[in-house]
Amino acid sequence: MKKDIILCGVGGQGILSIATVIGEAATIAGINLKQAEVHGMSQRGGDVQSNLRLSTEQIYSDLIPQGGADLVISMEPMESLRYLPYLSKNGTIVTSSKPFINIPNYPDEEALQTELDSLPSVVKLDIESVAKDAGNVRGANMVLLGMAAPFLEIITVDQLRQAIAAIFARKGEAVVEANLKAFDMGAGRVKS
Amino acid sequence: MKKQLLLGDEAIALGAINAGLSGVYAYPGTPSTEITEFIQNNPEAKARGIHSRWCTNEKTAMEAALGMSYAGKRALVCMKHVGMNVCADAFVNSAITGVNGGLVVLAADDPSMHSSQNEQDSRFYGKFAMVPVFEPSNQQEAYDMMATAFDFSEAIKEPVVMRVVTRLAHSRAAVAVSEAKNENPLNICTERWVLLPGIARKRYVDLIDKQPTMEQASEDSIYNKVEKGGSQKLGIIACGIAYNYVKEAIGDQANILKVSQYPLPANKVKQLAKENDAILVVEDGQPVVEEQVAGILGAGYPIKGRLTGDLPRTGELNPDNVAQALGKEAGPVFADAKNLAGRPPQLCQGCGHRDVYAALNQVLAEYPDYRVFGDIGCYTLGALPPFKALASCVDMGASITMAKGAADAGLFPSVAIIGDSTFTHSGMTGLLDAVNDKSNITVVISDNLTTGMTGGQDSAGTNKFEAICKGLGVEPEHIRVVVPLPKNMPEITQILKEEIEYNGVSVIIPRRECIQTAARHAREARKAKEEQK
């Protein structure tokens with residue numbers, strides 16, 4: 001079994017934290033993992049992405065081939081569309097529905113939402129307002145991870161929760177609890 | 001053996017620590033930065049007192065590492081590919097002096113130029129200096145090869161290059177980690193490495209005499225392995241990370257020569273050619289091996305690769321272009337989205353460089369024919385909208401010297417903008433040239449107290465810039481310090497005007513901490529305060 005995932009968003013939105021949590025969960029699950037990220041220039045408010053590959057078999061390439069991603073997990077709706085050629089025809093997009101506009105030529109929002117809705121399998125949610133409801137405005141990325149959890153399959157919700165606890169442990173119990181709450185609220189909003 | 005989830009860079013760092021490293025010498029540069037950062041933060045490295053402080057540039061790093069090697073200890077030099085250009089003089093000559101303690105030169109190449117200005121291939125440098133090159137295909141090999149590379153360096157008494165690419169440097173996987181070896185004791189070299197012509201000629205012959213040993217090591221290397229399984233008569237030479245894309249595309253159904261140690265194992269290449277009707281060379285970067293294979297096999301043998309267009313001539317390899325070169329049909333994919341716009345990187349909101357560019361653009365708009373020569377760092381983004389301020393960005397330090405040359409030719413105003421870390425890396429010598437010529441240039445050293453672009457590493461010149469400029473001979477009244485904030489705009493623009501109008505070298509230092517490192521420092525201070533309670 002394998003899951004190929006593209007994590008994406010805008011620099012500074014916390015996609016690498018999502019990657020770190022999934023990576024830890026994969027280690028807990030005892031499966032193989034490769035995770036390619038781009039650092040440096042692309043961090044400064046530009047588009048960022050990470051290729052995350054999970055498998056029970058040996059993984060060779062650090063990069064996912066076109067049409068190979070089972071999941072696109074995106075912190076931003078337009079960014080979720082950037083990797084469309086990489087999404088499998090049977091794949092799912094899990095994305096924030098709220099645009100992050102820091103460019104002058106951002107596409108028409110209605111057209112963007114219509115294009116997203118036209119795809120076979122899309123789950124979207126205003127993750128920022130859910131995070132706010134959870135009392136954790138910085139936890140939008142964990143809400144998104146919660147939304148994606150039912151689609152990950154190769155790792156369980158319980159393993160993801162353990163991973164969140166392990167990754168945020170050094171920041172204290174309160175931070176762990178806040179992130180778990182955000183994760184649970186995301187997971188609660190989505191049924192696969 | 002325990003397994004750890006490590007970036008390629010981290011695997012290299014831990015491999016070096018466990019191979020008995022005594023010092024890492026480096027200047028930050030994507031995608032190599034995390035190697036030195038890992039060593040700086042590693043408890044074992046701290047306990048052993050492994051040298052890991054950042055160097056001023058790649059040349060000082062290479063020379064310090066050679067000095068450590070002279071004293072018998074193992075040293076690692078790390079840099080991005082273009083750093084090899086900066087340290088090339090020391091590097092090439094280190095092959096002539098030879099080494100004492102093991103010396104590994106790590107070059108992180110950036111095919112596709114994710115964060116770079118070219119895609120030069122560091123394997124050329126290995127061939128140029130006539131030293132071995134290791135090119136791991138995955139994180140485990142990156143870890144394991146570090147010990148091999150140090151041992152081999154000491155065995156042949158030559159520096160050894162390890163070359164990685166962005167996709168390995170910045171990709172994470174589980175790595176089985178071995179026990180740490182002891183460091184070498186102090187063992188000062190008894191030879192003299194004095195490259196006077198008479199001695200250098202003899203040393204060069206020694207280096208050439210070592211080539212058969214290096215070639216034989218490549219033939220015997222466990223990293224240069226042969227796989228047979230293809231029904232087609234196509235031999236595939238897969239170098240470093242390219243091996244992964246080949247395996248991804250065709251699994252075990254291929255005749256592969258995996259190459260991860262150079263010089264190229266010519267006998268293995270000949271054998272592969274004999275057993276097949278054609279050869280496909282798959283390598284990330286430039287067609288280094290493809291050209292050499294043509295030389296080994298001679299005219300007439302069909303060789304495919306980047307030069308023949310079977311693989312793209314530029315840009316990094318990926319599973320798709322490699323699969324295509326192997327004749328694999330692509331499956332159905334979604335077309336590109338319609339509602340999509342580019343999202344280029346930009347300067348952070350609140351960054352001091354923004355205020356510097358706002359002021360520069362305002363003042364320079366009054367002149368018909370000004371140019372601003374840029375340099376390498378976050379502030380290169382001033383070339384993009386909304387500022388569009390830069391006429392050039394070429395290499396570390398070129399802002400000052402290009403402004404000088406253009407001023408020599410008659411350009412006015414001729415302005416250079418350079419960051420604090422880039423200035424100490426390669427800007428100081430150019431400033432001395434300008435002072436000695438009394439060139440009519442205005443130099444802006446945009447000082448954010450850090451090496452910002454690569455994530456906020458220490459900057460070699462912090463707190464020393466006024467003294468450095470004064471020491472180089474810039475007149476003290478033309479060294480002006482400002483704080484780049486919107487509220488200070490009248491003062492900054494006034495000073496800029498005065499110094500542009502001054503006929504000679506002036507230096508303006510807008511100084512305000514990078515907002516990213518400032519936020520990090522505030523968090524650390526809060527945490528320290530809480531722990532005190």
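Computed from a predicted model, the values in this text were never measured in an experiment. Every chain is numbered from 1, with letters handed out A, B, ... down the list of sequences.
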Residue [X] versus chain A: region with a heavy atom under 4.5 Å:
| X | value |
| --- | --- |
| B:Pro332 | both |
| B:Leu317 | backbone |
| B:Gln139 | side chain |
| B:Leu340 | both |
| B:Asp336 | both |
| B:Leu168 | neither |

Requested in this report: Look only at the side chain of B:Asn339 and the backbone of A:Pro107, and say whether a donor-acceptor pair between them is shorter than 3.5 Å.
Outcome: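 No; judged by distance alone, with no hydrogens or angles, the pair does not exist.
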Rounded distance (nearest 0.5 Å) linking atom [atom1] of [X] with atom [atom2] of [Y]:
| X | Y | atom1 | atom2 | result |
| --- | --- | --- | --- | --- |
| A:Gln66 | B:Gln324 | CD | CD | 10.0 Å |
| B:Glu316 | A:Leu63 | CD | CG | 6.0 Å |
| B:Lys338 | A:Asp108 | NZ | CG | 13.5 Å |
| A:Glu24 | B:Leu5 | CD | CG | 8.0 Å |
| A:Gln58 | B:Asn138 | CD | CG | 8.0 Å |

Which bit of [X] comes within less than 4.5 Å of chain B, counting heavy atoms only: side chain, backbone, both or neither?
| X | value |
| --- | --- |
| A:Ser88 | backbone |
| A:Ile103 | side chain |
| A:Glu76 | side chain |
| A:Pro77 | neither |

Query raised in the report: If you tally heavy-atom pairs under 4.5 Å against chain A, which of B:Gln516, B:Gln349, B:Lys527, B:Glu248 wins?
Result: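 Highest number of pairs under 4.5 Å: B:Glu248.
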Which atom names give the shortest non-hydrogen contact between [X] and [Y], and what distance separates them?
| X | Y | answer |
| --- | --- | --- |
| B:Ala341 | A:Asn105 | CB-O, 3.4 Å |
| B:Phe334 | A:Leu87 | CD1-O, 3.5 Å |
| A:Leu84 | B:Ala335 | CD2-O, 3.7 Å |

Query raised in the report: With side chains defined as the heavy atoms from C-beta onward, is the minimum distance between B:Pro319 and A:Ile64 less than 4.5 Å?
Result: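 The answer is no; the side chains never approach within 4.5 Å.
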Query - Residue pair B:His170 / A:Asp62, side-chain heavy-atom distance below 4.5 Å - result: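 No, every pair of side-chain atoms sits at 4.5 Å or beyond.
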Requested in this report: Apply side chain to side chain contact (heavy atoms under 4.5 Å, CB included) to B:Arg343 and A:Met78, showing your working.
Outcome: CA-CA 10 Å; B:Arg343 200 184 305 253; A:Met78 182 184 79; 3.5 Å; yes
